[in-house]
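Since the structure comes first, as C-alpha cells, the remarks are kept for the end.
Order of the sequence lines fixes the chain letters, A, B, ..., with proteins taken first and strands second; residue numbering starts at 1 for each chain.
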There are 2 protein chains.
Amino acid sequence: MSEVAATGISVLLVDDHPIVRQGYRRVLESQGDLHVVAEADNAADAYGAFKAHDPDVVVLDISMPGASGLEAIRNIRARSPRARILVFTMHNEAVLVKAAFGAGASGFVTKSSEPSAVVTAIRSVARGERAMSDDIAHILAEESLSPTGSVLDQLGEREIEILRQFAGGATTEQIAAHLNLSVKTVQNYHYLIKSKTGARTDAQLVRLAASCGLTRI
Amino acid sequence: MSEVAATGISVLLVDDHPIVRQGYRRVLESQGDLHVVAEADNAADAYGAFKAHDPDVVVLDISMPGASGLEAIRNIRARSPRARILVFTMHNEAVLVKAAFGAGASGFVTKSSEPSAVVTAIRSVARGERAMSDDIAHILAEESLSPTGSVLDQLGEREIEILRQFAGGATTEQIAAHLNLSVKTVQNYHYLIKSKTGARTDAQLVRLAASCGLTRI
DNA sequence: TGCAGCTCGGGCAAATTTCCCAAGCCGGAT
DNA sequence: ATCCGGCTTGGGAAATTTGCCCGAGCTGCA
C-alpha cells in the first residue's frame, strides 16, 4: 500500500460520464497531493480497477441509485476492508446516505458542495476519518430529530423489494412470479405499503420510491 | 461581438453543481481556444450573465428537466436571437432534445459522450452550425423512423393535462374536481391514456410522464 | 356537407383494491 | 421457557376501478 505522507493520495475515479471524470481529474490533480491513478465508468469495473491500482481513496459518483453504486461499495469493501470510499453524487436523500455508509462508504459529498469540500473530504477519508459535506450533515441531523425516520425505515425487506419492482413498472403478476408469491400476497403488500407510507395513489408511491432512490426515472 | 478567429471562443458555463463547473472550466480552457468568461448556477441567473459578458457560446447543463432549462434557453434567445446555446446534460430523451432545439438551442450533447465531442460541438455551435452528439443523433433518427413519434404526440390536450396531474400524485376525484369533470370521465381518460401509450401499469405511466418532462420527481 | 378527432359521460362485466383476519416464524424481552 | 411483536404469507368479501363498447356534442378541415 502507498505511503500517503510520502507520495500524496492516489485516487480511483468512478463515474459514468467521461467528461465529468475528466473534469474531476483536472480539479483533483491541480491540488498537488492528489493523483488520479485510474478511472472506471461503471460499478462493475470499479472493483477490477481497485484491485489493479490499490488507490488510497475511491471517489465514486455513479448516477445512482438502483443499487449498483451500493453494490460496488460492498463489493470493494468485502474483499478489501481497508478501502476508503468517498461517495460523490448529486443525490442527497437521507436513505441513500445511510445506505452508503451502511455499505461501507467512508464519506459522502454532494455535487452542490463547494469544490474545496470534495478535496477536503478526500484528504479526511485518506486519513481514515469519516467525512461528509455540510448539506448531508444537515439532512442527517434533521432526520435524526424528526420522530418519523425515512419512509423506507418503516418497510420490511419484502415490502421494499415489492415496492422497487412495482415502481419499476412491473405488474402484480410479474412481481408474484418473480418472487414466487401468490398474486394475492403481492396485492396485500401493495396495500400494506400504501398504508404504511401514507401514499393514497400508485403515482405517489412511485414518486416516493424514486425520491428514496429505490428506482431511477 | 467577439471575433472568433482572432480571440478564440468565449463561453458562459451554466450548471447547478459548482464542482462540475470547475471541472468543465478546466477541460475547456485546456483547449487553448476556449475561454470560460462567466459561470451561472441556475437558469434564472443565466440571462444576466449572458447580457453582462456576451459570450460566443452558452454551455448549459442544468439537471433538467422541469422546464427551467428550456425557459432559460427561450429567455436568452428571445432577447438575443444571435445567442448560440449548447445544451449539455445527462438526459437523452428524444422529447427533451426536440424541446431544446424548439426552444432555440443550437446543439445538444450528452454527458456520456467523449470529452472531445463537447469541445467539437462548442466550436461548431460558435460557427453557427447545429451540433449534437452521436447518441442524440441516433435517438432522433430512431425516433423519426418509428411510426410513433413522441409519446406525447399521440395525446390530446386534455389527456396530457390529466396525465400530468395523475403523475403528480392526484387522485381521480381530485382531478375530476380540479377540471370540473365527472369521475367517470377521468377514469375513461386514464384508461385511454394507458391504451394510447401502451403503459400497462400506473407506475409505467408515471415513469413515462416523468421521462417526457411532464412531471418532476 | 361530411368526415375525423377531441371531449365528455353512461353501462356492465371482470379485475383490483381495500380492509379484516389467521397462521407460521423468528428474535428479543421477561 | 414463554410471550410479545413484527415480518411474511394468504383467504374472504365488500367496495372500487378497469377494460371496452357505446353515443353525443363540438370543432376544424376538405
Give a yes/no answer on whether the side chain of A/Lys194 brings an N or O atom under 4.0 Å of OP1 or OP2 in C/dT17.
no
Quick check on D/dG19: is either OP1 or OP2 less than 4.0 Å from any side-chain nitrogen or oxygen of B/Tyr191?
no
What is the distance, to the nearest angstrom, from the CD1 atom on A/Ile162 to the P atom on D/dC7?
13 Å
Under 4.0 Å between a side-chain N/O of A/Thr185 and OP1 or OP2 of D/dG10, yes or no?
yes
Round to the nearest Å and state the distance from A/Arg200 atom CZ to D/dT16 atom P.
13 Å
What's the CD-C1' distance between B/Gln174 and D/dT17, to the nearest Å?
16 Å
Are there over 12 heavy-atom neighbours, none belonging to A/Lys51, within less than 6.0 Å of that residue's NZ?
no
Taking the side chain of A/Lys184 as its heavy atoms from C-beta onward, which of D/dT17, D/dA13, D/dT18 lies nearest to it?
D/dA13
Mind checking A/Glu161 for me? I need base, sugar-phosphate or nothing, with any heavy atom below 4.0 Å counting as a touch.
nothing
Taking side chain to side chain contact (heavy atoms under 4.5 Å, CB included) as the criterion, tell me which of A/Val37, A/Val57, A/Val36 meets it with A/Leu13.
A/Val36
Test your reading of the model: is there a side-chain donor-acceptor pair from A/Ser182 to the backbone of A/Thr185, 3.5 Å cut-off?
yes
Nearest-angstrom distance from the residue atom CG of A/Asn188 to P of C/dA22:
15 Å
Please report, rounded to the nearest Å, how far the P atom of C/dT18 is from the CD1 atom of A/Ile193.
12 Å
Backbone of A/Ser116 reached by a side-chain donor or acceptor of A/Thr120 within 3.5 Å
yes
If you only use heavy atoms from C-beta on, which nucleotide in D/dT18, D/dT8, C/dG9 is closest to the side chain of B/Leu181?
C/dG9
Any side-chain N or O of A/His190 less than 4.0 Å from the OP1 or OP2 oxygen of C/dT16?
no
To the nearest angstrom, how far is A/Gln187 atom CD from D/dT18 atom P?
14 Å
Should A/Ser182 be listed as having a side-chain N or O under 4.0 Å from OP1 or OP2 of D/dG10?
yes
Here the distance between atom C1' of D/dT8 and atom NZ of A/Lys196, to the nearest Å, is 10 Å
For the backbone of B/Gln174 and the side chain of B/Thr171, can you confirm whether one donor and one acceptor N or O come within less than 3.5 Å of each other?
yes
Output the rounded distance in Å from OH (A/Tyr189) to C1' (D/dG10).
10 Å
